[in-house]
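Here is the structure we will look at.
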Amino acid sequence: MKTAKKTPPDNEDNGRKKANTENVLGRRELNRALLARQMLLSRMSLPALDAIEHLAGLQAQSPNAPYFALWTRLNGFAQDELSRLIRSKKAVRIALMRSTLHLVSAADCLTMRPWVQSVLERSLNGAFGKKLEGLDPLQLASAGRTCLGTEPLALHEIGKRLNVAWPAHEPAALAAAVRSLVPLVQVPPRGLWGESGQAVHASAEAWLGRSLSAEPDETGFIKRYLTAYGPATIKDMQAWSGLPRLRETFGKLRPQLAIFHDEQGNELFDLPGAPRPDADTPSPPRFLGEFDNVLLSHADRSRILDDKYRKRVITKNGIVRSTFLIDGFVSGTWKIVRERKKAVLCLETFKRLTPRELNDLTAEGLQLLHFAAGDEDDKDIAFTLAE
């Protein structure tokens with residue numbers, strides 16, 4: 001484990017410093033630190049809600065993604081534990097960081113949503129700014145809340161109802177505006193394992209019966225980010241949150257943080273007591289679901305995803321495929337194909353695996369099949385090598 005060695009601030013140059021070798025964290029050291037904080041070096045015995053809060057939320061663009069995220073990180077996790085949290089309103093699905101859908105605790109929903117409000121508004125302006133010209137945002141938000149006053153609604157229904165008052169504007173643009181201006185949570189059965197249903201929305205305040213935080217704690221969110229994703233650069237946290245101009249807040253926190261550098265000289269911030277395992281710490285195979293946080297929370301993702309594999313994992317339209325880790329790094333993709341009463345885990349590897357890696361990955365894959373397709377009588381694993 002490395003200890004922080006601070007460099008005098010007058011050596012600073014746009015977040016880069018002349019680092020001595022004692023202060024540098026290599027790619028594998030950053031990898032092991034990330035895996036340790038993401039509960040991917042070894043599964044933890046935690047309630048699902050505690051894990052969700054530790055990770056500062058889970059990516060939820062795919063309804064089942066949070067279930068796979070928790071299964072691969074927690075001992076004995078079963079789908080119903082998360083489904084119960086959603087039904088009881090202890091966890092909710094809402095657009096947050098980078099204006100993307102996340103699953104968070106109710107408490108985090110109320111504090112995170114105001115913190116990233118500007119991110120959602122910027123995303124809205126980029127996609128629909130010209131189509132919303134001339135509209136008063138406060139008036140539009142109020143009308144959206146009125147629409148949702150009696151029952152949860154799908155976005156297309158919100159847009160259709162608002163189009164009556166604003167016929168010159170596209171329903172899709174009106175609905176997108178409400179999604180950005182009003183904190184909308186997706187209500188069950190959306191997001192429940194094994195259940196289907198279109199995404200319908202209610203305001204977070206109405207659903208949870210509580211008001212949003214008036215003063216989000218940005219320094220607290222930086223510490224939480226570092227807890228789950230550090231050591232990290234300012235650009236890394238900006239990439240995770242979607243928020244620009246965090247340098248001033250990091251500057252205020254500097255005396256409380258450990259300072260490192262990566263091999264390119266970029267300044268890395270961390271919490272002094274956070275785990276930083278040795279580079280040769282063993283890392284077992286792990287399966288990650290679609291859009292897993294660990295692949296989307298840094299500007300420089302090379303600590304877990306090699307650039308040469310990036311296009312195989314992240315598609316042009318932004319889909320992030322389900323992947324698996326070998327020795328801590330993304331080494332292939334996976335999907336489960338169901339045929340009659342049979343479930344096949346199809347693994348596409350990016351490189352040739354050793355016999356031991358194949359055996360360990362197969363053992364973990366059988367557990368994944370038991371979790372995701374336990375009702376199927378016959379289970380199998382099929383390997384292919386990507387060209």
Side-chain angles (χ1 to χ4, degrees), residues 1-38 40 54-57 59 96-100 112 115-116 118-119 122 217-277 279 292-307 310 313-314 320 328-330:
M1 181 176 291
K2 294 184 180 287
T3 56
K5 187 170 182 178
K6 297 183 179 178
T7 309
D10 58 354
N11 287 346
E12 186 168 357
D13 180 19
N14 294 325
R16 290 174 179 253
K17 294 184 179 180
K18 185 181 280 186
N20 63 53
T21 55
E22 293 181 5
N23 200 32
V24 173
L25 297 177
R27 180 170 176 249
R28 288 185 63 87
E29 291 167 307
L30 291 174
N31 173 267
R32 291 323 195 241
L34 177 61
L35 297 180
R37 299 170 201 208
Q38 287 286 310
L40 291 169
H54 168 79
L55 297 168
Q59 295 283 150
L96 291 171
M97 286 70 74
R98 307 181 306 283
S99 192
T100 58
M112 284 183 167
W115 179 55
V116 297
S118 63
V119 176
R122 188 170 65 250
D217 178 12
E218 185 163 80
T219 59
F221 286 124
I222 287 176
K223 290 179 179 179
R224 288 186 62 185
Y225 171 75
L226 294 176
T227 295
Y229 299 100
T233 65
I234 296 173
K235 286 184 178 180
D236 287 330
M237 183 166 180
Q238 290 178 164
W240 171 74
S241 65
L243 288 163
R245 297 182 294 278
L246 294 178
R247 185 170 297 278
E248 181 179 349
T249 309
F250 269 89
K252 294 176 183 177
L253 280 174
R254 178 180 285 271
Q256 304 174 39
L257 300 177
I259 311 297
F260 298 94
H261 296 83
D262 63 19
E263 293 172 318
Q264 290 72 47
N266 297 303
E267 194 171 49
L268 297 165
F269 295 88
D270 204 6
L271 301 178
R276 288 180 288 274
D292 195 277
N293 299 41
V294 79
L295 302 181
L296 294 171
S297 300
H298 296 86
D300 180 1
R301 305 176 193 183
S302 63
R303 68 182 66 194
I304 192 165
L305 175 61
D306 194 305
D307 283 343
R310 186 162 176 163
V313 173
I314 303 173
V320 181
F329 293 90
V330 172

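Residue numbers start at 1 and run along the sequence shown.
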* Where do R245 and Q238 come nearest, in terms of heavy atoms and distance? -> N-OE1, 3.2 Å
* Can you measure from CG (L253) to CD (E248) and round to the nearest 0.5 angstrom? => 11.5 Å
* To do: Please check if any side-chain donor atom of D236 sits under 3.5 Å from a side-chain acceptor atom of Y225, or the reverse.
  => no
* Structure fact -> Residues L226 and R37: closest non-hydrogen pair is O-NH1, 2.9 Å
* Structure fact -> Residue set satisfying side-chain contact (heavy atoms from CB on, under 4.5 Å) with A36, at least two apart, ordered chain then number -> L41, P275, P277
* Point-to-point distance, once rounded to the nearest 0.5 Å, from CG of L243 to CE of M97 -> 10.0 Å
* Structure fact -> Taking every heavy atom of Y229 against every heavy atom of L55, the minimum-distance pair comes out as OH-O, 3.4 Å
* Any Lys/Arg nitrogen of R254 or E267 sitting under 4.0 Å from an Asp/Glu carboxylate oxygen of the other? -> yes
* Asked: Under 3.5 Å, is there a donor-acceptor pair between the side chain of E263 and the main chain of L25?
  -> no
* Say you draw a straight line from NZ of K252 to CG of L257; how long is it, rounded to the nearest 0.5 Å? -> 13.5 Å
* To do: Check whether any side-chain heavy atom of V330 sits under 4.5 Å from a side-chain heavy atom of D306, and report yes or no.
  => no
* **Side chain R276, main chain D270, donor-acceptor under 3.5 Å** => no
* **Where L35 and G328 come nearest, the two heavy atoms and their spacing** => CD1-CA, 3.5 Å
* Note, T233 side chain near D300 side chain (heavy atom, < 4.5 Å) -> no
* Enter the distance from I234:CD1 to L246:CG here, rounded to the nearest 0.5 Å. => 7.5 Å
* **Inter-residue atom distance I314.CD1 - R301.CZ, 0.5 Å rounding** => 4.0 Å
* State, with a plain yes or no, whether a side-chain heavy atom of L271 is found less than 4.5 Å away from one of Q256. => no
* Asked: With sequence neighbours left out, what residues match S118 under side-chain hydrogen bond (donor to acceptor under 3.5 Å, both in side chains)?
  -> none
* Structure fact -> Rounded to the nearest 0.5 angstrom, the NE2-CE distance for H298 and M237 is 11.0 Å
